[in-house]
Structures are given as structure tokens and as C-alpha cells.
Amino acid sequence: MPFISVKTNAKISLDQEIGVKERLGMAITAIEGKTEDWLMVCIEDGCHLYFRGDGSVPCAMVELKIFGTASEEEFEEMTSRITDILTVELEIPADRIYVKYEECPNWGWSGHNF
């Protein structure tokens, strides 16, 4: 049950959005037991997002939430994959991308909690 939220000040075409979504679906497998089958993705472009006080250069804030836990190595690999995806697909410089992780012990779906 992972959730990935991407917020960026860049404008994204539908083709770019689909490319990012598909590549995130493959990237999530860096965390053991996580697959695209349970992945939810939110992509918000055109956000009023500033990094180092500058909103004229593309930047992104990515949040990844998972049910359960993951290792530092898995998170490190996810950061690498996410950065690569946004750099290639959206031309956002790697040093203008933040990635935040949250491990959730409680997660609900279909009217019940796991």
C-alpha cells in the first residue's frame, strides 16, 4: 500500500505524466513487497513551489508513504530511482528534488484497516 505524491512547479504534459506514473510503478519494487498493483500516485504540476527562494527553475517535492517499514538501503534506492525519473522525464535538476518518506503502522482500505 504505497502512496507517492509528486508536487512540482514545472508544467507537465499528459505524456510526461503517464511516463512518470509508469516509471514510479516500476521503481516501487525497490522496496520489498511493494508493487504497482497497490500503488497510488498523485502528480500535481504547476504548484507554487520555491526552492532556495526561486520558483523560476523547476523543482519537486516527492512524498512516499508505505504501510509498514523499509530499510535504509531500500529508501536510498528509491531516492535514486525517483530522482532519475524526474530528471529524465521532467528535466528537473537532481539538486532541486526533495524526497520524504513516511512509514505508516496503520493503513485503511475498502472500509477496513490492515
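Index from 1, following the sequence. Below, all heavy atoms of this structure are taken into account, side chains as well, without hydrogens, waters or symmetry copies.
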- Task: Please name all residues satisfying side-chain hydrogen bond (donor to acceptor under 3.5 Å, both in side chains) with Y101, sequence neighbours left out, ordered by chain then number.
- Result: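 Residues passing side-chain hydrogen bond (donor to acceptor under 3.5 Å, both in side chains) with Y101: T79.
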
- Message: Restricting to side-chain hydrogen bond (donor to acceptor under 3.5 Å, both in side chains), what partner residues turn up for E32, sequence neighbours left out?
- Response: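 E32: no side-chain hydrogen bond (donor to acceptor under 3.5 Å, both in side chains) contacts found.
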
- ring pair (Phe, Tyr, Trp, His ring centres under 6.0 Å): which pairs involve residues 9-31, sequence neighbours left out?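 Every candidate ring pair (Phe, Tyr, Trp, His ring centres under 6.0 Å) pair involving residues 9-31 fails, so no pair, neighbours aside, qualifies.
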
- Which residues satisfy the ring pair (Phe, Tyr, Trp, His ring centres under 6.0 Å) test with W38, sequence neighbours excluded?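 For W38 the ring pair (Phe, Tyr, Trp, His ring centres under 6.0 Å) partners, ignoring immediate neighbours, are W109.
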
Rounded to the nearest 0.5 Å, what's the gap from [atom1] on [X] to [atom2] on [Y]? Could you check?
X	Y	atom1	atom2	value
N106	N113	CG	CG	6.5 Å
M78	T29	CE	OG1	8.0 Å
I18	Q16	CD1	CD	11.0 Å
L24	I82	CG	CD1	6.5 Å

Please answer: with hydrophobic residues joined when any side-chain heavy atoms are less than 4.5 Å apart, are [X] and [Y] in the same cluster?
X	Y	answer
F3	L39	no
M1	M40	yes
V6	L49	no

Which pair of non-hydrogen atoms, one from [X] and one from [Y], has the smallest distance, and what is that distance?
X	Y	answer
G25	E36	O-CB, 3.7 Å
E17	I12	N-CG2, 3.4 Å
D95	F51	O-CE2, 3.4 Å
I43	K21	CD1-N, 4.2 Å
E89	G19	OE1-CA, 4.0 Å
A10	D45	O-CB, 3.1 Å

- Go through the steps to decide whether I31 and F75 satisfy the test side chain to side chain contact (heavy atoms under 4.5 Å, CB included), and finish with yes or no. CA-CA 7 Å; I31 300 175; F75 286 142; 4.2 Å; yes

- Task: Apply side chain to side chain contact (heavy atoms under 4.5 Å, CB included) to T87 and I92, showing your working.
- Result: CA-CA 5 Å; T87 300; I92 299 174; 5.6 Å; no

Identify all side-chain donor-acceptor contacts of residues 52-67 below 3.5 Å with residues at least two apart in sequence or on another chain.
unit_1 : atom_1 : unit_2 : atom_2 : d
D54    : OD1    : S56    : N      : 2.8
D54    : OD1    : S56    : OG     : 2.6
D54    : OD2    : S56    : OG     : 3.4

- Query: So do the side chains of L86 and E91 get within less than 4.5 Å of each other, counting heavy atoms only?
  - Reply: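 No, side chains not in contact.
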
- Item | Residue pairs, two or more places apart or on separate chains, that pass salt bridge (Lys or Arg N to Asp or Glu O under 4.0 Å) and touch residues 69-82 |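 The answer is E77-R81.
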
- Neighbour count above 12 (heavy atom, 6.0 Å) for Y98 OH: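 Check fails, neighbour count at 12 or below.
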
